[in-house]
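Notes follow the structure.
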Amino acid sequence: MTEDAKARLDDVRAQMAQACKSASRTPSDVQLIAISKTQGADAIRPLIAAGQRVFGENRVQEAQAKWPALQAETPGIELHLVGQLQSNKADEAVALFDEIHSVDRPSLITALARAQEKTGRRPRCYLQVNIGEEPQKGGCAATDVPALLAQAQAAGLNIIGLMAVPPADTEAAPYFALLAKLARAAGLTQLSMGMSADFEAAIMLGATHIRIGTALFGARA
Ligand SMILES: *Cc1c(COP(=O)(O)O)cnc(C)c1O
């Protein structure tokens with residue numbers, strides 16, 4: 001099992017390196033986040049053994065149940081929240097995660113600012129943009145980025161970039177390009193974009209953080 005995990009990790013890393021080369025980018029400028037949602041500790045441990053240290057989850061409760069034990073086994077693991085966050089889970093999220101990719105509304109900014117005061121922690125955050133304007137998806141409207149960024153910064157959040165999940169089953173590249181443009185306009189340097197199916201395009205268009213589940217763990221049950 002550790003061999004399988006290592007082979008998949010090596011494959012993804014090789015594809016990342018190739019995409020960086022094509023884009024004349026430095027591989028160390030792109031961080032691989034292993035998205036371990038729905039995966040149990042037995043599926044995660046082989047990837048840790050293979051050297052992966054940065055993981056992402058989409059639910060606070062699931063992450064709380066799984067990660068403290070895994071983190072106790074292996075120091076130096078970084079945890080990212082990539083799923084929608086309810087304001088009433090802000091305290092738990094700030095306590096557990098090193099980065100939060102889904103900051104998308106004024107009420108959540110307020111809740112996260114309070115959570116920072118309570119916990120004394122200040123995770124790096126991204127504003128999530130609903131880049132395809134899909135009603136069922138989280139994220140703010142592209143036009144709301146400047147106002148939300150100003151509010152978040154005034155509240156003391158450490159906003160480092162923008163994150164998006166483009167619409168499924170369409171060419172993702174135009175959406176990645178749009179997110180990169182929005183980030184540049186906002187003066188933000190970090191771009192969380194690209195998943196198993198499209199991370200090479202995301203790297204070509206400037207992704208600094210790619211979020212990979214299936215390509216590392218296999219299909220989710
Ligand atoms: C599940 C998920 C991913 C990983 O998707 P894969 O297609 O399995 O690589 C990335 N980002 C978010 C926000 C997710 O929920």
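Values below: all heavy atoms of this structure, side chains included; hydrogens, waters and symmetry mates excluded. Keep in mind that what you see is a predicted model, and the values were worked out from it rather than measured. Positions are given from 1, in the same order as the sequence printed here. Remember, it's 1-based here, ligands and their atoms both numbered in the order they're listed.
- Between the side chains of Tyr126 and Glu99, a donor-acceptor pair is found at a separation under 3.5 Å.
- Here the shortest heavy-atom pairing between Thr119 and Asp91 reads CG2-O, 4.2 Å.
- Once rounded to the nearest 0.5 Å, the distance linking NE2 of His209 with CZ of Phe199 reads 16.0 Å.
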Under 3.5 Å, N/O to N/O: give me all the pairs between ligand 1 and the protein, one per line with atom names and distance.
from: ligand 1; atom 1: 8 (O); to: Thr214; atom 2: N; distance (Å): 2.8
from: ligand 1; atom 1: 8 (O); to: Thr214; atom 2: OG1; distance (Å): 2.5
from: ligand 1; atom 1: 8 (O); to: Arg220; atom 2: NH1; distance (Å): 2.8
from: ligand 1; atom 1: 8 (O); to: Arg220; atom 2: NH2; distance (Å): 3.2
from: ligand 1; atom 1: 9 (O); to: Ser196; atom 2: N; distance (Å): 3.0
from: ligand 1; atom 1: 9 (O); to: Ser196; atom 2: OG; distance (Å): 2.5
from: ligand 1; atom 1: 9 (O); to: Gly213; atom 2: N; distance (Å): 2.8
from: ligand 1; atom 1: 11 (N); to: Arg211; atom 2: NE; distance (Å): 2.9
from: ligand 1; atom 1: 15 (O); to: Lys37; atom 2: NZ; distance (Å): 2.7

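- Between Gln31 and Thr208, the side chains place no donor N or O within less than 3.5 Å of an acceptor N or O (distance only, hydrogens not considered).
- Salt-bridge annotation for Arg8 and Asp4: absent, with no side-chain N of the basic residue lying under 4.0 Å from a carboxylate O of the acidic one.
- When each of Lys66, Arg59, Gln64 is tested with Glu62 by the rule side chain to side chain donor-acceptor pair (under 3.5 Å), just one qualifies, namely Lys66.
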